[in-house]
Every structure is written in structure tokens, then in C-alpha cells.
Amino acid sequence: MSNPQGSVMDILFGRWRSQILYAGVRLGVFDALGAGARTADDVASELHLSGPHTYRLLRALASLGLLSEDRNRSFSLTASGEFLRADHPQTLRGITLLEEGPEHYAVWKHLCAIVREGGPDGFVREFGQPIFVYAGEEPGYGAVFNDAMSSLSAGETAMVLEALAAYDFSAISHVCDVGGGHGHLLCSLLAKHPHLRGTVYELPSVIEQRELLWAEKMNVASRCEYVAGDMFTEVPAADAYLLKHILHDWDDEDCVRILSNIRKAAPPNARVFVAEYVVPEPDTSHFAKLFDIHMMCATGGQERTEEEYADLFERAGWTYCTTWYPPSRLMGGVEATKA
Ligand SMILES: C[S@@+](CC[C@H](N)C(=O)[O-])C[C@H]1O[C@@H](n2cnc3c(N)ncnc32)[C@H](O)[C@@H]1O
């Protein structure tokens, strides 16, 4: 039944939910419950927390469906709560720590000012420098950011590979993932297509986190190299490029610079696949429209429609081909070729 007032209340108190979730992750509750059901006192004692407050936090997490509570006040993980364990293969722990952590929490408070005035994004307003400069200079934040990208990639890689399931990779031998983070997407692609080799091109501070890189863990190290550099200066030559969540970080001018640098390095008939949450037309409810506001606050970038991506490609000398979608249509893979 429609409940207009309830809908507003639901949206209004959304931050309470995400902060309760964050506290559970940050304090280690989901890992402590990973071994099985425990009382709040047991969890509090293991994690050195206040017993009565721990009970109230666990009860709230149970109310959100992340834990379940039995009659003896013992708590266990639900199927959703399992995704918040650090050792879950598709853990959402890292992205929770980033998005509800102090830096990203702080940048949202600038939203009204940005919409009023335009101008610098929330990260610059709050910390005095752009997000990727800050991530390189503040190792604590950089580690949380990069881990969050891998955390988010676990689900997104599946979507991108699903979108490209019917794609014929036989004419491609070398794929470069520009701004590829620790390499989750590229290494998964290499694992699926044994004839491919790949290059993850990233800022030095990201590649230096050697123990977090995916190539060894996914058994593709012999076909995957990590190259440090700046995509605004140059990129390596390859016959196909991936850019997942790169263009959405930047304004149109910067996107054209990145795509033009790739075009300079690419041989004839090279391809680019841009994986993003593509804004659908006509007007429908879509996560891309919320992510877009996050980009306004965090990086000064934006989410775009298929037409807007096609336009960026054309401005950088590429020919837009098509957009590939997984069945959920949550993300899209926008493809262009160097004709
Ligand atoms: C939003 S993250 C996306 C990471 C990865 N593609 C993913 O989807 O998980 C953007 C990435 O761009 C990288 N990056 C930012 N500026 C860069 C530059 N000038 N050259 C190369 N990489 C850069 C960052 O280090 C970061 O890993």
C-alpha cells in the first residue's frame, strides 16, 4: 500500500541505517560472529567494547536484517550479514568502511553549497586537495580507498563479465586496464580468457601495495603486469582498454584528455570498454542517479547517459559502437573503436 509519509521517513533516516552498519563493520562485529552464534557480552568481551552498548548495537543490526537474535539474546549472521565478514569472497566490508568512514561522510555536508555555487567538489572543500592526491599522500585513507575498490569490484566484475559474456575476444590479445586499481576486473578477465595478457596501469601509490594485488591470487601473474604512470600524460599501447569507474571521476574536459591519450597509444582497430553505472533515459529510478551526487561531492565527476559517453568518445576521436548491459542493467559497458 502506498505510504507517502512513510517513504519520506524511510529516506530521511537512511543515514542511521548506514551508520549502524558502519559501526558493526568498523568494530569487528561481523568477523566476531563469523565462527557462530554468540551473546552480546561474549562479543563485547572479545572486542573490548561496552557490554550494554554492544547489545543495543547488535539488536539494531538485527533489526536491519544483518544479524538474527534468538530468545536467549544470542546473535548470529544472516545471509546479508555474511557479506560483511572480512573473509567473505565477495566482502562488502571495504566499501562500507570507505563510504561511511570519516572522509566520505564529511564530503557530503558540502552538497548544498556545491549545488548553490558550483565550483570545487566536497573533497577539495573539506581537505584542500583532490581525492586522488589526498589518497596518495595519506596512506591510511589510500589503503581504505583501494581496498574499497576491490571490495566493490567483487560484485561489479561479475556484472561486467556478464555484460561482455557474448563478446568475441578472439581478435584481442593485450588488454590494458587504465586506473585498474589492484586489478580485480582485469585479472578476472584474464582468468576467463587464457589467450589474453594484460596491463594494469595505475598511480604508483596503488601499485606499491603489492600484497593487495590480484594477479598472484588469481593465478594470472605470468600474463599480467602492473605499470605505474599517469593517464593524463600517457598510457601503454594495447589493443583493448578497460576503464571501470574512471570517467565518472572526472569532468568532460578531463575525460576527453584521458580518451585522447589512449587513442594516441592505441593501434588501429583498438577498442575501449567503459564500465559505469549508465544513467538511463527516459526518467526512471536508478542507482546511477544517486552515485552521480556522490561523485559531485567526492571527485567533481559525474555519471552519464549512453549519449553523453558517445559524445565524449567522439570528441576524443573514437567511434562509439554500442553499450553492453548485464540482465540487471545496473552497470553498462560502453564500447568504442578506433576506426
Ligand atoms: C574510482 S577508482 C576505480 C578503480 C578500478 N578501476 C575499479 O573500478 O575498482 C579510480 C582509479 O583511478 C586511479 N587514478 C586516478 N588518477 C589516475 C591517473 N592520473 N593515472 C592513473 N590512474 C589514476 C586511482 O588510483 C583509482 O584506483
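We're numbering straight along the sequence, starting at 1. Remember, it's 1-based here, ligands and their atoms both numbered in the order they're listed.
Ligand 1 is never approached by A275 to a heavy-atom distance shorter than 4.0 Å.
With respect to the salt-bridge test (charged N to carboxylate O, under 4.0 angstrom), the residues E335 and R271 qualify.
Below 4.0 Å from some heavy atom of G229 lie the following atoms of ligand 1, by number and element: 20 (N), 21 (C). Which parts of ligand 1 touch F132 is read off a 4.0 Å heavy-atom cut-off, strictly below it: atoms 10 (C), 15 (C), 24 (C), 26 (C). Close approach of ligand 1 to V206 (heavy-atom distance below 4.0 Å) involves ligand atoms 25 (O).
In terms of protein heavy-atom proximity, atom 2 (S) of ligand 1 is nearest to M149 SD, 3.7 Å. From the protein, the heavy atom lying nearest to atom 20 (N) of ligand 1 is M231 N, 3.0 Å. Nearest protein heavy-atom neighbour of atom 10 (C) of ligand 1: D249 OD2, 3.3 Å. From the protein, the heavy atom lying nearest to atom 1 (C) of ligand 1 is H245 O, 3.2 Å. Considering only non-hydrogen protein atoms, atom 19 (N) of ligand 1 sits nearest to D230 OD1, 2.8 Å. When only non-hydrogen protein atoms are considered, atom 7 (C) of ligand 1 lies nearest to K244 NZ, 3.5 Å. With respect to atom 9 (O) of ligand 1, the closest heavy atom belonging to the protein is S153 OG, 3.3 Å. Counting only heavy atoms of the protein, atom 4 (C) of ligand 1 lies nearest to G179 O, 3.3 Å.
Classified by interplanar angle (parallel below 30°, tilted 30° to 60°, perpendicular above 60°), the ring pair H245/F291 is tilted. The aromatic rings of F273 and Y167 sit perpendicular, their planes meeting at an angle over 60°, well past the 30° parallel limit.
Evaluated by nearest non-hydrogen atom to atom 11 (C) of ligand 1, the leading choice among E276, H182, E202 is E202. Of the options I246, L242, V200, the smallest heavy-atom separation from atom 12 (O) of ligand 1 is shown by I246.
For the pair R73 and Y55, the distance from NZ or CZ to the six-membered ring centre is under 6.0 Å and the angle to the ring normal is within 45 degrees.
For D239 and S173, the side-chain atoms include at least one donor-acceptor pair closer than 3.5 Å. For the 3.5 Å distance criterion, the side chains of D168 and S170 qualify, holding a donor opposite an acceptor.
The salt bridge (Lys or Arg N to Asp or Glu O under 4.0 Å) with R304 is formed by just one residue from the set D251, D249, D252; it is D252.
The aromatic ring centres of Y141 and F123 sit less than 6.0 Å apart.
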Would W214 and H182 count as a ring-ring contact (aromatic ring centres under 6.0 Å, His included) if you check the C-alpha gap in whole Å, the side-chain angles of each, and the deciding distance to 0.1 Å? CA-CA 6 Å; W214 284 98; H182 291 143; 8.2 Å; no
